[in-house]
Amino acid sequence: MRDNQVPTTPPVIPEQATSKPAAAEYHPRVSCETFSAQATKFSGTELYMLAVSWVKKNKCKFDVYLPGMPEQMRINAAYQLLMGDAKTIVRQHIFDTMSDFYTILSDTFLQSEYKAKLFEAICSGSIFKYAPKHALGTYALAVYKNLDQATPTNAAQIARALFNENYLPFIIMEIVLVKVLPQEDKGLCHYFDHANNL
């Protein structure tokens with residue numbers, strides 16, 4: 001083609017030059033720093049948060065506050081939320097996907113081990129060791145929701161933990177521990193916070 005001729009078709013531009021990088025399509029609603037500061041932490045040892053519960057909550061938080069975040073950035077942000085045993089375990093692995101990241105946590109911190117640790121803490125009286133004193137009922141309700149079954153036995157265990165901390169709300173409401181029903185635990189926990197803070 002001569003220099004003074006005008007091409008009849010536009011030149012072909014390489015696809016890499018026209019396609020936006022994946023990160024360019026990522027529009028966070030908050031910064032990663034804000035997300036890390038506000039999102040729920042997980043250590044694997046606290047009783048109010050079971051691994052599967054944390055995974056579910058974490059997925060939701062990412063979708064709401066950091067939609068479209070690239071996978072590796074997601075893994076890095078989630079890693080910042082881990083503490084203690086959970087961080088130690090995850091540090092031993094390299095992850096390609098968030099699914100792998102979540103699987104390791106769920107497989108490491110099992111429901112059965114959580115229940116055994118919970119009931120041991122109730123019996124020893126250490127269940128509320130790190131719980132906020134003004135929200136023991138709220139804390140107990142979060143623990144109760146992590147149990148895989150809403151049974152009378154589980155409900156009574158949570159009620160007993162609160163009773164051991166302060167029995168007066170139970171006397172006022174004339175509650176018999178062994179007769180606490182699963183559907184009553186939510187109301188009981190909320191009332192306990194109210195009465196415990198008077």
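No hydrogens, no waters, no symmetry mates; every other heavy atom, side chains included, goes into these values.
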Are Val180 and Tyr167 joined in one hydrophobic group, where the rule is that I, L, V, M, F, W and Y side chains link up if heavy atoms are under 4.5 Å apart? yes

Check whether any side-chain heavy atom of Tyr130 sits under 4.5 Å from a side-chain heavy atom of Leu47, and report yes or no. no

Roughly how far, to the nearest 0.5 Å, is the CD atom of Gln80 from the NZ atom of Lys87? 5.5 Å

Please determine whether the number of non-hydrogen atoms from other residues, nucleotides or ligands lying under 6.0 Å from atom OH of Tyr79 exceeds 12. yes

Walk me through whether Tyr102 and Lys59 qualify under side chain to side chain contact (heavy atoms under 4.5 Å, CB included). CA-CA 9 Å; Tyr102 289 142; Lys59 286 179 180 178; 3.5 Å; yes

I'd like to know if the side chain of Thr34 pairs up with that of Ser31 as donor and acceptor (distance under 3.5 Å, no hydrogens or angles considered). yes

Closest contact, heavy atoms only, Lys115 versus Leu147: CG-CD2, 3.8 Å

Does Lys117 have more than 12 heavy atoms from other residues, nucleotides or ligands lying within 6.0 Å of its NZ? yes

Under a 4.5 Å cut-off applied to non-hydrogen side-chain atoms, are Met83 and Phe42 in contact? no

Shared hydrophobic cluster for Ile171 and Phe163 (ILVMFWY, side-chain gaps under 4.5 Å): yes

Output yes when a side-chain donor or acceptor of Ser106 lies under 3.5 Å from a complementary backbone atom of Thr103, and no otherwise. no

Heavy-atom side-chain proximity of Phe192 to Phe170 below 4.5 angstrom: yes

Would you check if the side chain of Glu184 reaches a backbone N or O of Ala155 as a donor-acceptor pair within less than 3.5 Å? no

Minimum heavy-atom separation for His134 to Asn197, with atom names? O-ND2, 2.9 Å

At their closest point, which heavy atom of Leu136 faces which heavy atom of Asp193, and how far apart are they? N-OD1, 3.1 Å

When you measure from the side chain of Asn146 to the backbone N and O of Tyr48, does any donor-acceptor pair fall under 3.5 Å? yes

I need the minimum non-hydrogen distance between Ala156 and Leu177, along with the two atoms involved. CB-O, 3.7 Å

NE2 (His194) with more than 12 external heavy atoms under 6.0 Å: no

Gap between atom CD1 of Ile75 and atom CG of Asp100 - 0.5 Å precision: 7.5 Å

Note, Pro28 side chain near Met69 side chain (heavy atom, < 4.5 Å): no

Would you indicate whether Lys129, at its atom NZ, is surrounded by more than 12 heavy atoms from other residues, nucleotides or ligands within a distance under 6.0 Å? no

With heavy-atom distances below 4.5 Å as the criterion, would you say the side chains of Val52 and Leu105 are in contact? no

Hey, could you give me the SG/CG distance between Cys189 and Asn196, rounded to the nearest 0.5 Å? 12.0 Å

With a 4.0 Å cut-off on N to O distance, would you call Arg74 and Asp63 a salt bridge? yes

Cation-aromatic face contact Lys61/Phe35, 6.0 Å, 45 degrees: no

Please examine the side chains of Phe62 and Met98, heavy atoms only from C-beta on, and report whether any two atoms are closer than 4.5 Å. yes

What is the minimum heavy-atom distance between Asn164 and Ile122, and which atoms define it? ND2-O, 4.3 Å

If two hydrophobic side chains count as joined below 4.5 Å and joins carry through other members, does Ile158 share a cluster with Met173? yes

Flag yes if Leu181 and Leu162 sit in one hydrophobic cluster, no otherwise; membership is Ile, Leu, Val, Met, Phe, Trp, Tyr, and two members link when side-chain heavy atoms are under 4.5 Å apart. no

Within a strict 4.5 Å, meaning less than it, do heavy atoms of the Thr40 and Leu81 side chains meet? no

Nearest heavy-atom approach of Glu113 to Thr108 is OE1-O, 3.9 Å

Determine, stepwise, if the pair Ser43 / Leu82 fulfils side chain to side chain contact (heavy atoms under 4.5 Å, CB included). CA-CA 6 Å; Ser43 73; Leu82 300 182; over 6 Å; no

Less than 3.5 Å apart, any donor N or O on the side chain of Thr45 or Asp85 sitting next to an acceptor on the other? no

Would Glu165 and Arg160 count as a side chain to side chain contact (heavy atoms under 4.5 Å, CB included) here? Give the steps. CA-CA 9 Å; Glu165 196 69 22; Arg160 180 172 297 282; over 6 Å; no

No-hydrogen, no-angle side-chain donor-acceptor test under 3.5 Å, Thr151 and Thr153: no

Side chains of Leu50 and Trp54: does their closest heavy-atom pair fall under 4.5 Å? no

Counting only heavy atoms from other residues, nucleotides and ligands, does the tally under 6.0 Å from CD of Glu120 exceed 12? no

Can you hop from Leu188 to Ile172 via hydrophobic side chains spaced under 4.5 Å? yes

Measuring from atom CG of Leu66 to atom SG of Cys32, what distance do you get when rounded to the nearest 0.5 angstrom? 5.5 Å

Could you give the distance from CZ (Phe109) to OH (Tyr114), rounded to the nearest 0.5 Å? 13.5 Å

Output for pair (His93 NE2, Phe101 CZ), nearest 0.5 Å, gives 11.0 Å

